[in-house]
Amino acid sequence: MSGAAVTYSKPRLATFWYYAKVELVPPTPAEIPRAIQSLKKIVNSAQTGSFKQLTVKEAVLNGLVATEVLMWFYVGEIIGKRGIIGYDV
Amino acid sequence: MVPPVQVSPLIKLGRYSALFLGVAYGATRYNYLKPRAEEERRIAAEEKKKQDELKRIARELAEGCLSGNMCFSSNLPAQDDSILK
C-alpha cells in the first residue's frame, strides 16, 4: 500500500522541488536592497497617482499577489499556535 | 515543463516577513491565552463543586421531607443572600 503511494508521489515530489527551489526560497541578503527599491517604486506610484494608469487586469493580479502574501501570515500563525483551528489552551 | 518563475525579491521578502510575524503572533497569543484558560478552568471547577454541594444538600432535604420528618435542616452552609435581613 505504501509502496504504491511512494511510487505515485516520487515524480510529483520531484516536480514540486524543481519549482520550489526557485520560487519558494527565502530572499538572500543581496536581494533585499532590490526589494526595498521595488517598495519605493510602489510608494512613489501611490504618491504621484501613476497607479491609476494600471489596467484592471494588472490591478487584479496585483491584488491576488498581495492576498497570497498576506495569507502567509495566517500560515505562520498556525505554526506559532501549534494547531490548525483555534488555540489549544 | 514550464520553467519556474523568477519571483520578485519584494514578494519573497513580504512572504517570509509575513510568515515570521505570523509565527511570532501565534506564539505570543498562545502564551497569553494559556494561563487565562487555566484560571477559568480552575474557577469553573470550584463553582461546580459548590453547586454539587448545594445539590447534595437539597437532595438530602428532599429525602428528609419524603420520609415524614420535619422539613428543615440545620446543616445548611451560611447563606448570605437571605431576604429576611
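Proteins come first, then strands; the chains are lettered A, B, ... in the order of their sequence lines, and each starts at number 1. Hydrogens, waters and symmetry mates are skipped; everything else that's a heavy atom, side chains included, is used.
No part of A:Gln37 comes within reach of chain B, as not one of its non-hydrogen atoms sits under 4.5 angstrom from that chain. A:Thr28 does not touch chain B: none of its heavy atoms, backbone or side chain, sits under 4.5 Å away. At a 4.5 Å heavy-atom cutoff, the contact between B:Val23 and chain A is made by backbone and side-chain atoms alike. For B:Arg41, the part lying near chain A is the side chain, with the backbone staying farther off; criterion is any non-hydrogen pair under 4.5 Å.
Smallest separation of non-hydrogen atoms from B:Pro9 and A:Arg34: CG-NH2, 3.3 Å. Closest non-hydrogen pair, B:Arg15 versus A:Glu23, comes out as NH1-O, 3.6 Å.
Here the straight-line distance linking atom OH of B:Tyr16 with atom CG of A:Leu24 works out to 5.5 Å at 0.5 Å rounding. Atom CG of A:Asp88 is separated from atom NZ of B:Lys34 by 7.5 Å, given to the nearest 0.5 angstrom. We find the CZ-CH2 distance between B:Phe20 and A:Trp72 to be 14.5 Å, quoted to the nearest 0.5 Å. For the atom pair CD (A:Glu77) and OH (B:Tyr25), the distance works out to 5.5 Å, reported to the nearest 0.5 Å.
By the rule that hydrophobic residues join a cluster once side-chain heavy atoms approach within less than 4.5 Å of another member, A:Tyr74 and B:Tyr30 end up as members of one cluster. The same ILVMFWY cluster, assembled from side-chain heavy atoms under 4.5 Å apart, contains both A:Met71 and A:Phe73. If you chain together hydrophobic residues whose side chains sit under 4.5 Å apart, B:Leu10 and A:Val65 never meet in one group. Placement of A:Val69 and A:Val60 in two distinct hydrophobic clusters is found when ILVMFWY residues are connected by side-chain heavy-atom separations under 4.5 Å, directly or transitively.
With contacts defined as side-chain heavy-atom distances shorter than 4.5 Å, the pair B:Met1/A:Tyr18 qualifies.
Listed options B:Leu21, B:Asn31, B:Val2, B:Thr28 were ranked by heavy-atom pairs under 4.5 angstrom with chain A; first place goes to B:Val2. Residue with the most contacts toward chain A among B:Leu13, B:Leu19, B:Ile11: B:Leu19 (heavy-atom pairs, distance under 4.5 Å).
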Test side chain to side chain contact (heavy atoms under 4.5 Å, CB included) on A:Tyr87 and B:Arg29; report intermediate values, then the result. CA-CA 9 Å; A:Tyr87 286 81; B:Arg29 187 124 181 99; 3.6 Å; yes
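For A:Ile84, the CD1 atom is loosely surrounded, since the number of other residues' heavy atoms within 6.0 Å does not exceed 12. Residue-environment remark: CG (A:Leu64) exceeds the threshold of 12 foreign heavy atoms within 6.0 Å.
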